[in-house]
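Position 1 is the first residue of the sequence; numbering continues from there. Hydrogens, waters and symmetry mates play no part in the numbers below; they use all other heavy atoms, side chains included. Please read all numbers here as calculations on a predicted model, not as lab measurements.
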Amino acid sequence: RRQNQQTEIHKKIVKTSANTKYALRAYFAVVGNYIKNSIMKKLFIISIVLLPTISFGQYQYYFLKETFFGRQPSASAEAMGRSYASVDGDLTTACFNPAGSATIDGFEINGSYSSPYYLAKSAKYNYISAGYKIKNYLILGLTSNNFTFGEKVYATDINGNTIGDPIYTPHNSNYCLTLSSQPIKNLFLGLNTNYFIWQPLDKKATALYFDFGAIKKFQFLQKEASAHSINIGASIANFNYGKITLDLNGNKLVNDLPVI
C-alpha cells in the first residue's frame, strides 16, 4: 500500500513538473513576442520621429526643378504633393516613398503622359512603371521617368543657318528599381535604386542615388462592409547625397542632386 502511495505521489510530481514546464515555455513565448513587438514598435516610432530631424536637405536652387519638383507620375500624386509619401497600395507612390508599393497585389502597370510644361509648349513628360508581388513577401518594381523640353538643337554656320540633322535634344531620364516588403503586419519598408541621366548639352552625365521609406498603417473599425485606417509615412530621397558631374571638355561641372 505504501509503495502504491509513493507511486501515485511520484506520478503527481512528474505531471506537475511537466505542466510547469509547458507553462514556463508558454510564458516565455508570450513575453518574447511582446518584447519583440514592443522593440519593433519603438524602433519604428523612433525612426519616424528622428528621420526628418537628422536628415539635412540638399538642393541647388532651380537645378533640375522640372524633374524633381515639376511633373508628377499621376494627377492624384501631383495634387497631394509630398503627402503622397504616406499612401500605400499604389505603384506610383514609389516616386515619393518606395514603401508604398509593398501592398500591391499580383502584377501592376501604370503610365502617364503630359505636355506642355508651363510656357515650354514643346516639353513632354512620360512615366511608366511595372511591379510584381513575389511569394507574398517581396515587391519588385521598375520605373522610368523621362522629361524633355522638346526643342532640338542644331549646329549653325557663321550666318546662323542650320547644318545637317539635330545634334541633340536636352532631356532628363531616371530609371528606378524598387524593392519593398511588409516584414510585420501593417509595417511597410522600401528601397529605391535610381540611375539618373542628365543631358543638357551634347554630352551626358549620370548619377546613382538611393531612396528609403517606411509606412505604418493603423487599422480600426474593421467590418465586412467597411474598413478604416490611418497611415503615417516618412521617406528620404537621395540619402547618399548623390552628385552629378558633367564633363565639358575637361572642365568638371559638379551639381548636387536634391535630398528630399
Side-chain angles (χ1 to χ4, degrees), residues 37 40-41 43-45 47-48 51-52 67-114 125-147 173-196 208-240 258 260:
N37 292 334
M40 290 298 293
K41 288 178 181 178
L43 287 176
F44 176 76
I45 293 172
S47 65
I48 290 296
L51 187 60
T67 300
F68 290 95
F69 302 99
R71 291 290 180 233
Q72 304 299 333
S74 68
S76 57
E78 193 154 333
M80 294 178 66
R82 294 301 299 180
S83 62
Y84 213 59
S86 63
V87 176
D88 71 285
D90 185 352
L91 195 58
T92 59
T93 61
C95 295
F96 300 86
N97 188 341
S101 62
T103 54
I104 68 170
D105 190 16
F107 178 75
E108 181 177 321
I109 186 168
N110 286 315
S112 65
Y113 172 85
S114 61
Y125 169 81
N126 64 76
Y127 161 87
I128 187 168
S129 64
Y132 182 69
K133 189 173 186 178
I134 304 174
K135 295 184 178 180
N136 296 323
Y137 62 85
L138 182 65
I139 303 296
L140 176 65
L142 294 172
T143 302
S144 171
N145 285 279
N146 297 280
F147 179 88
S173 299
N174 189 70
Y175 301 96
C176 177
L177 171 65
T178 301
L179 294 175
S180 59
S181 183
Q182 186 177 179
I184 60 176
K185 186 177 180 181
N186 292 331
L187 174 62
F188 317 127
L189 302 175
L191 177 70
N192 282 343
T193 301
N194 301 275
Y195 181 70
F196 186 76
L208 191 68
Y209 67 94
F210 303 91
D211 314 326
F212 174 77
I215 296 175
K216 174 61 179 175
K217 180 189 286 284
F218 298 92
Q219 294 180 318
F220 58 96
L221 299 177
Q222 301 294 303
K223 299 180 180 179
E224 293 184 3
S226 63
H228 301 271
S229 64
I230 295 175
N231 283 11
I232 298 177
S235 66
I236 177 170
N238 187 23
F239 66 78
N240 61 314
I260 310 169

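- Donor-acceptor pairing under 3.5 Å is lacking for the side chains of T92 and N110.
- In this structure, N194 contributes its side chain and F196 its backbone to no donor-acceptor pair below 3.5 Å.
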- Task: Apply side-chain contact (heavy atoms from CB on, under 4.5 Å) to the pair Y113 and N146, showing each step before the final yes or no.
- Result: CA-CA 10 Å; Y113 172 85; N146 297 280; over 6 Å; no

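- Between F239 and L191 there is a side-chain heavy-atom pair separated by less than 4.5 Å.
- For Y132, the OH atom is loosely surrounded, since the number of other residues' heavy atoms within 6.0 Å does not exceed 12.
- Here the side chain of N238 pairs a donor or acceptor atom with the backbone of P258 at under 3.5 angstrom.
- T143 and S129 get closest at one heavy-atom pair: OG1-CB, 3.6 Å.
- For the pair A102 and F188, the tightest heavy-atom approach, listed with the atom from each and the gap, is CB-CB, 3.8 Å.
- Scanning both residues, E108 and I104, for their nearest heavy atoms gives OE1-CG2, 3.4 Å.
- Here the OG-CD1 distance, from S144 to I128, works out to 7.5 Å after rounding to the nearest 0.5 Å.
- Atom-to-atom distance recorded for K217:NZ and S86:OG is 9.5 Å, nearest 0.5 angstrom.
- Using a 4.5 Å cut-off on side-chain heavy atoms (C-beta onward), L177 and L140 make contact.
- Of all the heavy atoms in K216 and K185, the pair that sits closest is NZ-O, 3.8 Å.
- To the nearest 0.5 angstrom, L138 atom CG is 7.0 Å from S180 atom OG.
- Contact detail for T178 and S101: the closest heavy-atom pair is CG2-OG, 3.7 Å.
- Between T93 and V87, the shortest heavy-atom contact is CG2-O, 3.5 Å.
- Rounding to the nearest 0.5 angstrom, the gap separating the CG atom in D211 from the OG1 atom in T193 is 8.5 Å.
- Distance OH/Y195 to OG/S173: 10.5 Å, rounded to 0.5 Å.
- At least one side-chain heavy atom of S112 sits less than 4.5 Å from a side-chain heavy atom of Y125.
- For the atom pair N192 CG and F212 CZ, the distance stands at 11.0 Å (nearest 0.5 Å).
- Looking at heavy atoms from C-beta onward, N174 lies out of side-chain contact with F68 at the 4.5 angstrom threshold.
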